[in-house]
Amino acid sequence: MSLIQVSRGTRDLLPEEIQYWQQIEAIAREVFSRATYQEIRTPIFEQTDLFERGMGEATDVVSKEMYTFQDRGDRSLTLRPEGTAGLVRSYVQHNLYAQGEIQRLWYVGPMFRYERPQAGRQRQFHQVGIEALGSADPRADAEVIAIAKDLLNAIGLENLRLEFNSIGDRQDRLQYREALVAFLTPYQNDLDPDSQERLTRNPLRILDTKDEKTQDILQNVPSIHDHLSPSSQKRFEQVQQLLTDLGIDYNINAKLVRGLDYYTHTVFEIQSDDLGAQATVCAGGRYDGLVKELGGPETPAVGWASGLERLVILMQQLQPPTAPTLDFYVVSRGDRAEAQALKVAQTLRQLRFSAELDLSGSAFGKQFKRADRKGAAACLVLGDAEAENLTVQLKWLASGEQRAIGQSELPSLADEIRQQIEASRALPRVD
RNA sequence: GCGAGCGUAGCCAAGUGGUUAAGGCAGAGGUUUGUGGUACCUCCAUCCCGCGGGUUCGAUCCCCGUCGUUCGCCCCA
C-alpha cells in the first residue's frame with residue numbers, strides 16, 4: 001500500500017488544532033482594525049522577478065529557498081516566500097499611494113520556502129503581518145511595533161523579548177560594510193566557513209552568527225551605530241524614545257541585522273525562549289527603498305510579519321484545547337421518529353441552538369451514552385409514542401429531569417430553554 | 001544542502017534472530033431489545049512491525065538504500 005501523504009514540510013490542521021488558528025486570526029483582525037489597518041489579499045504566486053528584485057538576489061531566501069516553476073505559458077512564477085513584496089507590488093500597481101498620504105494594511109496567509117523542516121518551521125507556513133506605507137515619521141515605526149506587542153499580548157503571550165536596532169540608510173550601510181570588512185579581513189582564516197563566504201557576499205550577516213569562535217572575533221567589532229549619519233542617528237533615538245514613552249521594553253542589539261536586503265533604519269525581532277531553535281515570533285523593520293525599487297514613487301514604509309505556526313505552538317503551551325459546547329443531542333428510534341428527529345434538529349438550529357442528530361439507529365441506551373460523551377446539555381428524544389402525537393421528550397442530562405413538549409412548542413420555549421442551558425452548564429451533575 | 005535520533009493498530013506504547021507481536025486510550029457490540037456517565041464481558045495488527053533490497057535455514061529485530069518524521073546547522077516567521 002502506498003498511501004498518499006502530505007508533502008514534506010506541509011501539514012494538515014485538524015479540528016483539534018484549528019481553534020488556536022481561528023482565535024489568533026480573530027484577535028489579529030480586531031487589533032488591526034482598531035488601529036485602522038485594512039486587510040489586503042494578494043496572490044499566492046507572483047512573477048519570480050518580483051521577489052528577486054524585492055528581497056535581493058543574494059539573500060538565502062531568493063538564492064536557495066524559493067518554490068519557482070514555469071507555468072504552461074513558460075512564465076517563471078514563484079510561490080511567495082513572504083508577504084511584503086507582493087503587497088508592495090499591489091500598492092504600486094493600483095496606485096494606492098495616490099489615495100492618501102499613508103496606507104495602513106495587513107495580511108494573513110500561507111508562504112512557501114524550500115527549507116528543511118524542523119520545530120516551528122515548515123515549507124508551507126503562515127504569516128500575519130502589517131505594513132504602513134507612506135510615512136517616514138518615527139512614530140510609524142513605534143506604532144507598528146506597539147501593534148505587534150498588542151497582538152502578542154492579546155493572544156496571551158508573555159516572556160517575549162524585543163530586540164531592536166538601526167542599520168541606517170544605504171549610505172550608512174555601505175560605509176559600515178567597508179569598516180566591517182576592513183576589521184574582519186585580518187581574521188579571515190579564523191572565521192567559520194559560512195562567515196568567510198559572507199565576508200565578500202554579505203558581511204553584515206556575519207554579525208549574527210551563532211559560531212562561538214566568530215563571535216569571539218566580533219568582540220571588538222566596530223558598531224553600526226558609529227557609522228550612522230546624524231539624521232539616521234536621530235531617527236534611531238527618536239524611535240527609542242517613543243518606545244520608552246509607550247512603556248515598551250526593548251534591548252538594543254547592534255548585531256541584529258536582517259536577512260532581506262530591503263531593510264533600512266529600524267529593524268527588530270520579537271523572540272521567545274519557548275520555541276527551540278526558532279526563537280523569532282515576529283520580525284520586521286523599515287524599508288524605505290522597496291516601493292521605488294518595485295517601480296513606485298519614493299515611499300517610506302515600515303512593517304513586520306509574524307509566523308502563525310510559532311504563535312500556535314506558544315499558545316498550545318499556555319491553554320489546553322477546549323471542547324466545543326453542545327446544546328442538544330437528538331435521540332430517535334423508529335422510522336417515523338427518525339424522520340421527525342431531523343426536522344426537530346433543524347428547528348433547533350434555526351432557533352440558534354447547536355444540535356447534533358444521532359444517525360446510528362442504535363438502541364436508546366447507546367444514543368444517550370454518546371450524548372453524554374459529547375457533553376450535550378440536553379437530549380430531545382423521539383420514539384414511536386412521540387412520533388404518534390408529535391411531541392418530543394426534553395431531557396436534561398445533568399439533572400436527569402425529563403418532560404414532554406409538543407414539537408411545535410419549541411420556538412415559543414426557546415428563550416426559557418436557553419436560560420436553562422446556561423444554568424445547567426454552571427451546575428455539577430446529579431448522581 | 002549538512003549532521004544526529006526515530007518509524008510496531010486511529011492515538012500512546014511494550015517486545016523478541018525462530019510456534020498465536022504485550023498493554024492502555026479511542027472505537028464496535030453486549031450484560032441493560034424506550035433512556036446516559038461507574039462496573040463487567042466480547043471484538044478490534046492472522047500477505048504482519050514505513051517501503052525496497054541484502055545477510056541468515058529463518059528477520060519486525062542485524063546490514064544497506066529509500067521515504068517520512070523529530071531535533072540541530074544554515075537561514076528564517
Side-chain angles (χ1 to χ4, degrees), chain A residues 1-11 14 16 55 59-66 81-84 108-129 148 152 192-195 197-198 202 205 208-211 257-260 268-272 275-284 304-314 329 331-334 337 358 360-376 378-387 393-402 428-431:
Chain A
M1 63 150 199
S2 65
L3 279 182
I4 296 177
Q5 302 186 324
V6 290
S7 300
R8 174 155 229 206
T10 69
R11 56 197 202 102
L14 301 178
E16 195 184 352
M55 303 169 75
T59 60
D60 286 276
V61 173
V62 170
S63 62
K64 59 182 203 193
E65 295 174 1
M66 293 209 302
E82 55 106 48
T84 303
V108 63
M111 308 292 163
F112 305 84
R113 291 182 198 173
Y114 190 88
E115 297 185 275
R116 192 79 175 259
Q118 71 187 67
R121 196 170 75 190
Q122 254 81 45
R123 288 182 174 181
Q124 174 176 340
F125 62 106
H126 298 77
Q127 287 186 335
V128 59
L152 297 170
D192 61 282
D194 286 322
S195 294
E197 153 79 21
R198 292 195 201 110
N202 196 352
R205 293 223 53 91
D208 62 1
T209 181
K210 287 181 189 168
D211 187 85
V257 293
R258 314 258 22 266
L260 310 180
F268 70 94
E269 291 188 9
I270 299 175
Q271 302 174 346
S272 163
L275 278 172
Q278 315 303 326
T280 302
V281 295
C282 176
W304 52 258
S306 186
L308 288 181
E309 279 78 3
R310 294 180 188 178
L311 296 181
V312 168
I313 290 169
L314 293 173
Y329 195 82
V331 162
S332 61
R333 194 120 161 93
D358 189 303
S360 69
S362 50
F364 276 119
K366 293 294 168 198
Q367 297 192 46
F368 278 102
K369 194 175 267 192
R370 285 189 207 104
D372 202 62
R373 257 195 306 248
K374 309 239 180 190
C379 280
L380 286 188
V381 191
L382 292 97
D384 293 335
E386 288 76 18
Q393 298 290 334
L394 169 60
K395 172 165 180 169
W396 296 96
L397 286 178
S399 64
E401 285 168 20
Q402 179 172 324
R429 82 171 313 117
V430 175
D431 283 308

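No hydrogens, no waters, no symmetry mates; every other heavy atom, side chains included, goes into these values. Every value quoted in this text rests on a predicted model; they were computed, and no experiment measured them.
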Side chain to side chain, A:H126 and A:P110, heavy atoms closer than 4.5 Å:
yes
Length of the line joining A:F368:CZ and B:rG36:P, which is rounded to integer Å:
8 Å
For A:Q122, report the nucleic acid contact type (base, sugar-phosphate, nothing); a contact means any heavy atom under 4.0 Å.
base
Base, sugar-phosphate alone, or nothing: which one does A:A371 contact when heavy atoms must sit under 4.0 Å apart?
nothing
Figure out the CD/P separation between A:Q118 and B:rG68, and round it to whole Å.
16 Å
Indicate, with a heavy-atom threshold strictly under 4.0 Å, whether A:E386 touches base, sugar-phosphate, or nothing.
base
Dot-bracket, RNA chain B: Watson-Crick or G-U, under 3.5 angstrom, [ ] crossing, | other strand?
(((((((..(((.....[....))).(((((.......)))))......(((((..]....))))))))))))....
Heavy-atom donor-acceptor pair, A:R123 side chain to A:P117 backbone, under 3.5 Å
no
If you measure from the P atom in B:rG5 to the same atom in B:rC62, how many Å do you get, rounded?
13 Å
Gap between atoms CG and C1', on A:L382 and B:rG34 respectively (whole Å)
12 Å
Nucleotide B:rA77, atom P - distance to CZ of A:R121 in whole Å
11 Å
Quick one: does A:Q402 reach the base of B:rU35 with a side-chain donor-acceptor pair under 3.5 Å?
yes
Please report the distance, rounded to the nearest Å, between CD in A:E115 and C1' in B:rG72.
14 Å
Under 4.0 Å between any heavy atoms, over every strand shown, what does A:C379 touch: base, sugar-phosphate, or nothing? Just pick one.
nothing
Mind calculating the distance between CZ (A:R116) and P (B:rC2) to the nearest angstrom?
7 Å
Which part of the nucleic acid does A:G9 contact within heavy-atom distance under 4.0 Å: base, sugar-phosphate only, or nothing?
sugar-phosphate
Check every strand shown and say whether A:A283 touches a base, only sugar-phosphate, or nothing at a heavy-atom separation below 4.0 Å.
sugar-phosphate
Does atom CZ (A:F364) have a neighbourhood of more than 12 heavy atoms from anything else shown, all under 6.0 Å?
yes
Could you state the CZ-P distance from A:R123 to B:rC76, rounded to the nearest angstrom?
17 Å
So, is A:R8 close to the B:rU69 phosphate, meaning a side-chain N or O under 4.0 Å from OP1 or OP2?
yes
Kindly write out the residues that satisfy side-chain contact (heavy atoms from CB on, under 4.5 Å) with A:A387, not counting sequence neighbours, or none if the list is empty.
A:R336, A:A337, A:Q340
Can you give me the closest heavy-atom contact between A:G120 and A:R310, atom names plus distance?
O-NE, 2.8 Å
Within this structure, what is the CG-to-P distance between A:D211 and B:rG3, rounded to whole angstrom?
18 Å
Test A:S360 against every option in A:R370, A:Q367, A:K366 by the side-chain hydrogen bond (donor to acceptor under 3.5 Å, both in side chains) rule and name the one that passes.
A:R370
Give A:G120 one of three labels, base, sugar-phosphate or nothing, depending on what nucleic acid heavy atoms sit under 4.0 Å from its own.
base
Reckon A:E65 touches a base, only the sugar-phosphate, or nothing at all at heavy-atom distances under 4.0 Å?
sugar-phosphate
Nearest listed nucleotide, side chain of A:Q393, among B:rC76, B:rU35, B:rG36
B:rU35
Set out, in order, the CA-CA distance, both residues' side-chain angles and the distance that settles side chain to side chain contact (heavy atoms under 4.5 Å, CB included) for A:M55 and A:T84, then state yes or no.
CA-CA 9 Å; A:M55 303 169 75; A:T84 303; over 6 Å; no
Among B:rC76, B:rG36, B:rG72, which is the nearest nucleotide to the side chain of A:A119?
B:rG72
Applying a 4.0 Å non-hydrogen cut-off, can you work out what A:R373 is touching in the nucleic acid: base, sugar-phosphate, or nothing?
sugar-phosphate
